[in-house]
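What you are looking at is a predicted structure, and each value in this text was computed from that prediction instead of being measured. We use all heavy atoms of the structure for the numbers below, so side chains are in, but hydrogens, waters and symmetry mates are not.
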Amino acid sequence: MKIHIKESAVISMAALGFFAAVGISQSTTVSAKSRVKVTSNVKLRTDASSRNVTFTGKAALFNKASSLKSAKKKTTTVTLKDLARSNKSSQNVRAYRVARTNQGKVYYKVVTFDGKYRGWIYGGKSRSKFAGGLKTYQTFKQGTLTNDMANGTFQFANLGTANDNQTVTYKQPAWTQYKVGRQVTDSRSYANVNYKIDRAGTRTREGDQWVHIYVINNGNSGADGWILYSGLKSATNNNSPIADNAVRINLVDSATGASLTSVDYTKSGATKGATLGTNTNGVWQLASTDSSAIQSQIATALNRLGYTGFTLTQGQMAAIAQGTFGASVTISVVKPTINKAVRIVLTDPSGNVINYVDYTNNKAVNGQTLGTLDGSTWKLAATDASLFRLN
């Protein structure tokens with residue numbers, strides 16, 4: 001019994017010692033934290049773009065400097081890491097205040113561009129550079145102009161008030177600078193204005209192509225600004241003379257009937273009034289060299305307008321084949337809206353859209369043709385043809 005009593009006493013004392021030690025440690029921590037004070041808290045005044053940052057995931061977001069007494073966590077490091085990996089520029093981050101404590105630690109007040117996350121975060125021990133939970137971030141990367149951009153003349157492809165990055169212009173590419181918005185809110189009054197491109201680049205998160213446009217005639221420059229390249233169309237004049245050895249192919253949107261752009265396909269030695277293709281047993285066809293060249297020319301013109309992976313159908317090639325040199329022909333095109341699929345649009349004899357079918361293939365690659373070109377004839381693989389019949 002005495003042995004048990006002694007052992008019990010020893011255990012009790014050990015437990016008491018353990019809790020006493022914990023109590024002392026906690027008391028010391030609280031005491032140290034209560035002595036932390038903010039010695040300065042000022043607004044950052046450096047160039048705005050130099051204060052664009054992203055999260056490193058090494059520190060969380062608090063309602064005040066995290067070393068201060070009663071500081072509360074607002075956003076975890078897990079969430080901040082997700083924001084750093086975001087593919088949306090609206091989740092870019094701006095630092096706008098800086099505070100220093102008597103311990104020499106620096107904290108920044110930050111906000112996401114969409115305003116959903118705001119708070120203080122540890123930023124290292126020097127105000128000369130971002131550290132700790134932040135690092136400098138480039139929201140937009142300047143690029144170089146392609147030949148088409150530098151030499152082309154453009155108009156708005158979409159007119160209206162939509163804030164969708166391709167209908168109106170912006171003072172800076174959308175969401176790349178904090179609280180910098182649209183240049184104009186309605187592009188309809190600029191329908192027939194011609195523009196040139198003088199700058200280009202991509203948003204870091206989305207990787208999409210933006211261009212800066214300026215009006216050729218200074219009399220209507222109110223819409224000068226940034227827009228997605230896909231929001232522009234070539235400023236072609238359908239009433240301009242067509243060369244005797246050229247067929248002008250006008251491209252219109254099948255859903256809206258809106259004019260998109262046009263391309264002039266020229267052929268050496270062609271005679272005005274002659275048809276581009278040939279009629280064999282009632283079937284109009286293009287020579288393989290013509291169909292390949294026209295396909296490439298049209299695809300290039302449509303690609304920057306968002307009509308990616310465009311391929312001429314047999315009907316469209318037959319229509320173009322009937323075109324005559326020195327004149328124009330019009331075809332309707334459908335803007336892709338789905339991934340890894342081909343949209344088959346059904347029309348009546350007058351070209352009016354009746355319905356459409358989306359044929360999907362899990363092994364497909366966007367931009368790749370569904371069939372293969374055999375001479376001047378496009379063919380489907382047996383598997384695709386069979387599955388399409390099932391659809």
Side-chain angles (χ1 to χ4, degrees), residues 49 52 54 85-92 113-114 137-178 180-185 187 190-191 193-216 221 223-236 251 253 258-263 295-311 333-340 365-368:
S49 60
N52 292 331
T54 191
R85 292 190 292 262
S86 172
N87 60 2
K88 296 179 179 179
S89 289
S90 58
Q91 294 181 329
N92 282 325
F113 283 16
D114 59 11
Y137 189 74
Q138 187 178 3
T139 61
F140 183 76
K141 298 176 181 177
Q142 294 286 345
T144 56
L145 301 183
T146 64
N147 288 334
D148 286 344
M149 292 176 185
N151 300 321
T153 302
F154 305 91
Q155 293 180 346
F156 285 99
N158 311 291
L159 300 173
T161 61
N163 186 12
D164 60 359
N165 304 333
Q166 55 185 356
T167 301
V168 298
T169 51
Y170 299 75
K171 296 176 182 177
Q172 294 290 338
W175 298 106
T176 59
Q177 293 299 333
Y178 185 53
V180 177
R182 287 170 282 182
Q183 177 67 28
V184 293
T185 57
S187 60
Y190 303 93
V193 179
N194 292 339
Y195 294 91
K196 300 291 285 185
I197 295 174
D198 59 355
R199 283 177 282 168
T202 56
R203 291 192 296 182
T204 306
R205 296 194 184 277
E206 291 88 351
D208 49 7
Q209 180 73 69
W210 284 72
V211 292
H212 183 269
I213 60 174
Y214 67 95
V215 72
I216 297 174
S221 61
D224 289 10
W226 290 89
I227 190 171
L228 278 177
Y229 190 32
S230 58
L232 301 176
K233 67 177 182 179
S234 294
T236 55
L251 306 170
D253 186 275
S259 175
L260 298 173
T261 187
S262 66
V263 297
Q295 168 66 51
S296 176
Q297 196 171 342
I298 292 177
T300 299
L302 290 175
N303 187 60
R304 62 178 183 76
L305 299 179
Y307 293 70
T308 55
F310 175 77
T311 302
V333 297
V334 179
K335 188 170 186 177
T337 57
I338 47 176
N339 190 41
K340 294 184 178 181
V365 176
N366 287 335
Q368 186 180 65

Would you check if the distance from the ring center of Trp210 to the ring center of Tyr170 is below 6.0 Å?
-> yes
Is Gln177 close to Thr139 at the side-chain level, that is, under 4.5 Å between some pair of heavy atoms?
-> yes
Heavy atoms of other groups near Asn147 CG, more than 12 under 6.0 Å = no
Any side-chain heavy atom of Asn194 sitting closer than 4.5 Å to one from Gln155?
-> yes
Among pairs that include at least one residue of residues 193-202, which meet salt bridge (Lys or Arg N to Asp or Glu O under 4.0 Å), considering only residues two or more places apart or in two chains?
-> none
Answer yes or no: is there a side-chain heavy-atom contact under 4.5 Å between Met149 and Tyr229?
-> yes
Using a 4.5 Å cut-off on heavy atoms from C-beta on, say whether the side chain of Asp148 contacts that of Thr300.
-> yes
Look up atom NZ in Lys233 and atom CG in Leu302, then write down how far apart they are to the nearest 0.5 Å.
-> 12.5 Å
Is there a side-chain contact (heavy atoms from CB on, under 4.5 Å) between Asn158 and Asp164 once you walk through the steps?
-> CA-CA 10 Å; Asn158 311 291; Asp164 60 359; 5.8 Å; no
Thr311 OG1 to Ile298 CD1 distance, which is reported to the nearest 0.5 Å | 10.5 Å
Out of curiosity, Lys141 NZ to Thr202 OG1, how far, rounded to the nearest 0.5 Å?
-> 6.5 Å
Which distance, rounded to the nearest 0.5 Å, do you find between the CD of Glu206 and the OG1 of Thr176?
-> 10.0 Å
Spell out, as yes or no, whether a donor-acceptor pair under 3.5 Å connects the side chain of Arg205 to the backbone of Ser86.
-> yes
Side chain to side chain donor-acceptor pair (under 3.5 Å) partner of Arg203, chosen from Asn87, Asn92, Asp208 | Asp208
Where is the tightest heavy-atom contact between Ala223 and Thr169, given as atom of each residue plus distance?
-> O-OG1, 2.8 Å
Quick one: are Phe154 and Val211 in side-chain contact, heavy atoms under 4.5 Å?
-> no
Under 3.5 Å, is there a donor-acceptor pair linking the side chains of Gln138 and Thr204?
-> no
Using the ring of each side chain (for Trp, its six-membered ring), is Phe156 parallel, tilted or perpendicular to Tyr190, with breaks at 30° and 60°?
-> tilted
Would you mind reporting whether Thr146 and Gln209 have side-chain heavy atoms less than 4.5 Å apart?
-> no
Looking at OG1 of Thr167 and CD1 of Ile227, how far apart are the two atoms once the value is rounded to the nearest 0.5 Å?
-> 7.0 Å
Atom CZ of Phe140 and atom OG of Ser89: how far apart are they, to the nearest 0.5 Å?
-> 10.0 Å
Is there a donor-acceptor pair closer than 3.5 Å between any side-chain N or O of Asn165 and the backbone N or O of Leu228?
-> no
Report the C-alpha separation of Leu232 and Tyr195 in whole Å, then their side-chain angles, then the decisive distance to 0.1 Å, and conclude whether the side-chain contact (heavy atoms from CB on, under 4.5 Å) test is met.
-> CA-CA 9 Å; Leu232 301 176; Tyr195 294 91; 5.8 Å; no
Any side-chain heavy-atom pair of Gln183 and Val168 under 4.5 Å = no
So, for Lys171 and Trp226, which heavy atoms are closest and what is the spacing to 0.1 Å?
-> O-CD1, 3.5 Å
